[in-house]
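A quick write-up on the structure given underneath.
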Amino acid sequence: MRCAILADIHSNAAALMAVLEDVDRRGGADELWLLGDIVGYGPDPHRCFDILRRFKCVGVSGNHDLAVLERLSASGFDPDAAEAVRWTKRQISAEDALFLTRLEPVVETNGFTLVHGSPRQPAWEYINSLGAAEGNYKFFKTPYCLVGHTHIPMSFKQEAGATSAAPLSETVGLVLGKASLILNPGSVGQPRDSDPRAAYATYDSGSGVFRLHRVPYDIAAVRERMWNAGLPVRLAARLERGV
Ligand code: ZN
C-alpha cells in the first residue's frame with residue numbers, strides 16, 4: 001500500500017493542491033493519512049474539505065480542529081490563532097464539520113500510531129526534544145508513530161534503549177526496520193523550519209520506505225487571499241518566511 005502523510009494543512013488549499021499534484025506525479029497514493037489541523041490560520045477551510053473528500057482519508061484531529069468544533073477551548077491559543085478559529089467557524093459547512101467530528105484523537109493503522117501532538121497528549125503536547133520523545137515511547141504499541149503539531153520535519157529513533165533525533169531530509173528515504181520511530185512529516189500549509197515550501201511524506205508498505213518531500217506553491221496568492229479575508233496580517237507574513 002502507498003500512502004501520503006499530511007500534517008497541519010491549516011486551510012491552505014493552494015499548498016494542499018500542490019502536494020496532491022506531487023503525489024500524483026510520484027504514482028499516486030491509496031490512502032491519505034491526515035495528522036490533524038486541517039483548519040486554522042489559512043484562508044480556504046471549505047475548499048480543503050472539498051479536496052480531501054475526493055480521497056480515502058484516515059485521520060486524527062488536531063487542536064485547531066477541536067477548537068473549531070468547540071470541543072477544546074481556544075483560550076490557550078495566541079490571539080491571531082484564536083481570531084482565525086472564530087473566522088473558520090463562520091466559513092465551514094455542516095458537511096465540513098461532520099468531516100472533523102469523525103476524526104479520532106488516536107488511530108492505529110498498518111504498524112503506525114497516528115496522533116497530532118503526541119501519543120501521551122494527542123491534542124497539545126509538542127514532540128520537539130529528545131526528552132519529549134523519550135517520555136512518549138511507552139504510550140504507543142505499534143513499531144512506528146506519526147506526529148505533527150510542531151510543523152518541523154523530524155525523526156526520533158529508539159534502539160537498544162537509546163533515543164536519538166535527526167531532522168528528516170528530502171534527499172534521503174528512510175527504510176523502516178526494527179528500530180522504533182517517531183516521525184514528523186512537517187506541515188503542508190504552514191511550515192516552520194525556515195523552508196516555506198509545503199512539506200509532506202510518503203510511505204510504501206511494499207518497500208518499507210518513508211520519504212519526506214518539499215513542494216513549492218504560490219505563497220503570494222495565499223497571502224492575498226488571507227488579506228482579503230481579513231485574517232491577521234502576521235499569519236500571512238509568516239508563510240513567506242516558513243516560521
Ligand atoms: Zn498546526
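Everything quoted here is computed from the prediction, not taken from an experiment. Remember, it's 1-based here, ligands and their atoms both numbered in the order they're listed.
Classified by interplanar angle (parallel below 30°, tilted 30° to 60°, perpendicular above 60°), the ring pair Tyr126/His149 is parallel. Using a 30° and 60° split on the angle between ring planes, His64 and His10 fall in the perpendicular class, above 60°. Taking the six-membered ring for Trp and thresholds of 30 and 60 degrees, Trp33 and Phe112 have ring planes more than 60 degrees apart, a perpendicular arrangement.
The Zn ion (ligand 1) forms the vertex of an angle spanning OD2 of Asp37 and NE2 of His10; to the nearest 10 degrees it equals 90°.
Distances from the Zn ion (ligand 1) to the N/O/S atoms of Asp8 are shortest for OD1.
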Do Asp204 and Arg26 pass the salt bridge (charged side-chain N to carboxylate O under 4.0 Å, His left out) test, and can you show the C-alpha distance, the side-chain angles, and the key distance before you say yes or no? CA-CA 12 Å; Asp204 184 331; Arg26 296 174 187 282; over 6 Å; no
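Distances from the Zn ion (ligand 1) show that His116 has no N/O/S atom below 2.8 Å.
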